Amino acid sequence: MTNRPGFLGYRRPDGRAGTRNHVLVVPTVICSAVVAERIASAADPVSVALPHLAGCGQLGPDMRVTHETLAAYCGHPNVGAVVVIALGCEQVIAQTLAEAGRRYGKPAEIVSIQGEGGTVRATEKGSRIAEALAKELAAQDREPCDVSDLILSLKCGGSDYTSGLASNPALGRVTDRLVDLGGSAVLGEIAEIMGAEHLLAARATNGAAAEKLIQIITRVEAGARAMGLDIRGTQPSPGNIRGGLTTIEEKSLGATHKAGERAPLQAVVGYAAPIRAKGLTVMDTPGLDVEAVTGMVGGGAQVVVFTTGLGTPTGNPIAPVIKITGNARTARSMADNIDLDVSGIMDDTDTLEAAADRLFDEVLAVASGRPTVAETLGHREFAIHRLNPTI
Amino acid sequence: MKAALVISERDNVATALEPLDPGRRLDLSGTTVTVLEPIMSGHKVAVRAIAAGEPVVKYGSAIGLATSDIAPGAHVHVHNLSGSRGRGDIALPPPEAGGLAEPRTDPAIGPDGVQP
């Protein structure tokens with residue numbers, strides 16, 4: 001190793017690097033969610049559950065997104081072992097999820113509630129398995145990994161005017177630096193690119209990515225048009241407007257600063273689809289924070305940086321979420337939920353460069369195992385994007 | 001600390017970095033602007049006269065169109081600025097969709113339809 005920046009991570013057999021080493025207890029369907037949560041609590045915080053509302057009564061593409069998102073979490077490098085909690089009669093196939101873990105050399109077990117004969121027996125069996133797997137994972141060591149092994153998820157939420165002036169540009173500098181070093185970053189929230197897509201499209205390295213970006217943004221606008229709806233009722237949010245943001249274009253131009261100024265746009269991918277490109281990837285996610293983070297982590301991001309103006313608690317079950325704010329009042333009033341205060345940029349007591357240096361160091365420290373405040377507080381929000389109503 | 005910030009030289013609005021009272025004089029990128037009305041921190045103040053229908057520019061890009069004439073020093077927000085994007089309530093094509101005037105996407109294409 002030279003003196004390139006790096007972190008201590010869990011090297012997986014396929015070459016990817018994990019920043020955490022969780023036992024993932026994944027219910028196939030909402031019906032097994034409570035049993036999964038009880039089982040995960042047996043070896044918390046090494047084991048984490050992935051409770052969700054779907055898994056049955058879904059049609060076509062909606063079912064596919066649920067299935068693929070759950071499988072993506074089973075295969076994620078931050079997961080060292082998988083316990084699938086099935087009910088027994090649902091649409092999502094337990095074997096597919098277990099396979100998604102085994103494909104990457106992880107132990108994966110299935111416990112079926114109908115097969116075991118009810119909640120009590122399934123919980124007992126699952127807890128024994130989770131405890132044993134957690135003990136196995138605790139014995140594994142972190143190894144030196146290169147910074148280019150990182151896929152950083154870029155997220156903002158509860159935005160105000162400081163987001164576009166301080167926290168997003170600071171994160172953007174980290175994005176450019178990471179990509180210069182051979183790493184990857186992913187930007188989601190298509191509705192919050194609307195009005196700034198020309199800037200990202202101009203950075204595309206290939207026509208397909210530029211075209212796909214415009215295509216999915218046009219789809220979101222066409223959706224509003226088809227329903228005769230005005231996006232202004234939703235975007236910007238009432239809190240955004242109180243904070244001084246007037247239009248979605250203004251919000252998007254500030255939000256897109258997270259993606260840096262020069263990182264080349266390499267690919268545009270679907271929700272929770274694998275992020276394979278070095279450089280910048282745009283993912284088709286909704287703007288709703290938890291659904292967006294869920295999708296980007298599903299794509300393979302091992303660390304999330306989440307900028308906020310007004311403050312928000314969102315975490316993720318398997319990936320650390322680092323919160324930064326440029327709003328001095330929020331840094332004080334929501335101190336519980338903030339990892340890094342960059343409000344000095346606003347009153348000239350700090351520079352963007354210095355704040356970006358601190359954030360870059362924070363990303364590597366968190367990648368090496370330092371817990372974020374969201375992890376310490378047990379914030380593990382998870383929500384799969386739904387395309388259709390349940391039938 | 002500056003009282004208000006102009007981000008790009010193309011901008012015709014500045015962002016207040018502290019609450020601004022009427023009569024306050026701001027020196028902004030070469031021009032002096034007198035604040036006409038109370039403006040909260042984080043909100044926008046017009047740096048130049050902006051005519052109704054003219055783009056309001058921040059970060060060097062259009063953030064929407066003025067819905068009435070805006071005088072220098074006036075508060076610029078939802079009462080006199082309207083976004084043009086995602087407007088299903090009006091029959092306007094997106095003004096800045098990267099050179100594409102008309103949508104050409106099947107609305108049925110979902111996230112899984114854009115997989116590479």
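Owing to the predicted nature of the structure, the values given are computational and were not obtained by experimental measurement. In what follows, every chain begins at residue 1, and chains take the letters A, B, ... in the order their sequences are listed.
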Problem - Heavy-atom side-chain contact between B/Y59 and A/T256 under 4.5 Å - result: no
Practice task
May I ask you to test the B/V56-A/E250 pair for a side-chain heavy-atom distance under 4.5 Å?
Solution key: no
Taking [X] for the side chain and [Y] for the main chain, is one N or O donor matched with an acceptor at less than 3.5 Å?
| X | Y | result |
| --- | --- | --- |
| B/H77 | A/R242 | no |
| A/T247 | B/I63 | yes |
| B/K44 | A/G244 | yes |

Problem - CZ/B/R48: more than 12 non-hydrogen atoms of other groups inside 6.0 Å - result: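 Yes.
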Practice task
Inspect the surroundings of NZ in B/K2 and state if more than 12 heavy atoms from other residues, nucleotides or ligands are less than 6.0 Å away.
Solution key: no
Exercise for the section: Apply salt bridge (Lys or Arg N to Asp or Glu O under 4.0 Å) to A/D350 and list each qualifying residue two or more places apart in sequence or on a separate chain. Expected result: A/R358
Practice task
Using heavy atoms and a sub-4.5 Å threshold, report which of residues 33-43 of chain B line up against chain A, by residue number.
Solution key: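 B/M40, B/S41, B/G42, B/H43 fall under the 4.5 Å cut-off.
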Problem - Over all atoms of both residues, closest heavy-atom pair of A/L253 and B/S61 - result: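 Result for this residue pair: CD1-CB, 3.5 Å.
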Practice task
With rounding to the nearest 0.5 Å, note down the distance linking OG1 in A/T246 to NE2 in B/H75.
Solution key: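 Taking OG1 in A/T246 and NE2 in B/H75, the distance rounds to 7.0 Å.
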Practice task
For the pair B/R85 and A/E249, evaluate salt bridge (charged side-chain N to carboxylate O under 4.0 Å, His left out) and give the outcome as yes or no after the intermediate values.
Solution key: CA-CA 7 Å; B/R85 304 296 302 275; A/E249 293 95 315; 5.8 Å; no
Problem - Residue among A/D160, A/L213, A/T162, A/L165 with most heavy-atom pairs under 4.5 Å to chain B - result: A/L165
Exercise for the section: Go through A/G254, A/A209, A/A196, A/A208 and name the one with the most non-hydrogen pairs under 4.5 angstrom from chain B. Expected result: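 Of A/G254, A/A209, A/A196, A/A208, A/G254 has the most heavy-atom pairs under 4.5 Å with chain B.
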